[in-house]
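Just so we're clear, the structure is a prediction, and the values are computed from it rather than from any experiment.
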Amino acid sequence: MNNAVNNSEKQEIITLADNDYGIAYHPAKIDFPEYEKLEARVGAFNIQYTQYDVTTENLKSAKETRAQLNKLKKALNDKKIAIVKDMDQPVDQFKSQIKKLTDQIDEASTHISNQINEYEDNAKKQREVRIRGEIDKWCQAAGVDPSQIIFNSKWLNKTASFTATENEVAQQINALQQQQQQLAENIKVVTAKAEQLKLPYQHWVELLNNEPLSNVLLEMDNYAEDVKKAAERDKKAKTEANKNIVEQNGKAIDKNTGEIKEDYHTALLVTRATKIKLGGTQYQFNQLMKYLKDMGFKLERVQG
């Protein structure tokens, strides 16, 4: 079998700026006239040794045969590498020449591309400034915060329709207005609830920015219940403690521990039937006044 390749010259044309530049080349040709003989020989080796059985008696010669086969394989590969390398030299030179040309073209193209990108980036920035200015106007007219508008980067594309952008912003503004209306209604509900529970409203109104109304109302109920229980525990503890209070030199003293609690106060309650002297701590008098007011007693200050 002869592996010779047609070696006739071929022509290619490269066109640059309306000028043609010719390239002539010859397809690679390798003459291997003894291939069929070598193939037959190697085929014989293949048939012979693929049926070869290694035994104790021929182990040494089997190893020698394997070494000879491996040596033959290496020799064939070495020849292939050497011949291909030699034939690749003009190809490598051609590749280097073309790369030198394309590198110069890349440099020029990159220079222009950088300027185009800079121009387009500046145009995008100008479009963004213009669009954000319009958004500020629309939001001001609608009474919403423009910073809450989610800016879509596709609005900056040259092909983007300004009408489509305006419609998308309008949808967001409408949603924000609905949120504002709902928040205003929720604030009214929370404020009324706080007044009912006798709680400051500011904290609960702020929670509406992050939590739904139902959660805030539940938290308010729970908090008011906790405050009520804490007040009851405090009242019970003070009531128990006041049972041990006695007066000594104008001070309220714990009769069990001797600890001075606070100043001891007295008051005189005058009725048609009798006069009653009251004595106790400031806390006790405060609780008494609250009780009298709750029961509807008329309280007036009198001069000494």
Do Ser147 and Asp145 have side-chain N/O donor and acceptor atoms under 3.5 Å apart?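 Side chains of Ser147 and Asp145: pair found under 3.5 Å.
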
CZ of Arg233 to NZ of Lys229: how many Å apart, nearest 0.5 Å?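 Here the interatomic distance stands at 8.0 Å.
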
My understanding is that a hydrophobic cluster links ILVMFWY residues whose side chain heavy atoms are under 4.5 Å apart, including indirect links. Using that, what else belongs to the cluster containing [X]?
X: Val144; value: Ile131, Ile135, Trp138, Ile149, Phe151, Trp155, Leu156, Phe162, Val169, Ile173, Leu176
X: Val189; value: Leu183, Ile187, Val190, Leu197, Leu199, Tyr201, Trp204, Val205, Leu207, Leu208, Leu213, Val216, Leu217, Met220, Tyr223, Val227
X: Ile150; value: none

Distance-minimising heavy-atom pair for Gly22 and Ile13: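 Nearest pair, atom of Gly22 first, then Ile13: CA-CD1, 3.9 Å.
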
Can you see which heavy atom on Cys139 is nearest to which on Pro146, and at what distance?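 Closest approach of Cys139 to Pro146: SG-CA, 3.6 Å.
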
Could you list all the ring-ring contact (aromatic ring centres under 6.0 Å, His included) pairs where at least one residue sits in residues 62-86, not counting sequence neighbours?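 Found none.
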
Regarding Lys99 and Asp103, does a basic nitrogen lie under 4.0 Å from an acidic carboxylate oxygen?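 Looking at Asp103 together with Lys99, the answer is yes, because their closest N to O distance falls below 4.0 Å.
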
With a 4.0 Å cut-off, would you call Glu134 and Arg130 a salt bridge?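 Between Arg130 and Glu134 there is no salt bridge, as every charged N stays at least 4.0 Å from the carboxylate O atoms.
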
Residue pairs passing the side-chain hydrogen bond (donor to acceptor under 3.5 Å, both in side chains) test where at least one lies in [range], sequence neighbours excluded:
range: residues 108-124; value: His111-Gln115
range: residues 69-80; value: Lys74-Asp78
range: residues 46-58; value: Tyr52-Asn58, Thr55-Glu57, Thr55-Asn58
range: residues 177-192; value: Gln182-Asn186

Heavy-atom side-chain contact between Met87 and Lys29 under 4.5 Å: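 Heavy-atom side-chain distance check fails, nothing below 4.5 Å.
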
What do you reckon, is CD of Glu232 surrounded by more than 12 foreign heavy atoms closer than 6.0 Å?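 Yes.
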
Near Gln140 CD, under 6.0 Å, is it more than 12 heavy atoms from other residues, nucleotides or ligands?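 No, not enclosed.
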
Determine, step by step, whether Glu128 and Arg132 satisfy the side-chain contact (heavy atoms from CB on, under 4.5 Å) criterion, reporting the C-alpha distance in whole Å, the side-chain angles of both residues, the deciding distance to 0.1 Å, and the verdict. CA-CA 6 Å; Glu128 182 174 359; Arg132 287 192 182 276; 2.9 Å; yes

Would you find a donor on one side and an acceptor on the other, under 3.5 Å apart, between the side chain of Thr15 and the backbone of Asp18?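 Flag not set: sc Thr15 to bb Asp18 has no pair under 3.5 Å.
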
What pairs of residues pass the salt bridge (charged side-chain N to carboxylate O under 4.0 Å, His left out) test when at least one of them lies in [range], not counting sequence neighbours?
range: residues 200-214; value: none
range: residues 212-227; value: Lys193-Asp221
range: residues 161-181; value: Lys154-Glu168

Look at the side-chain heavy atoms of Ile, Leu, Val, Met, Phe, Trp and Tyr, link any pair under 4.5 Å apart, and say whether Leu101 and Val91 land in one connected group.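 Hydrophobic grouping puts Leu101 apart from Val91.
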
Return the set of residues passing side chain to side chain donor-acceptor pair (under 3.5 Å) with Lys63 (not counting sequence neighbours), or none when no residue passes.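 Scan of Lys63 (side chain to side chain donor-acceptor pair (under 3.5 Å), adjacent residues dropped) gives none.
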
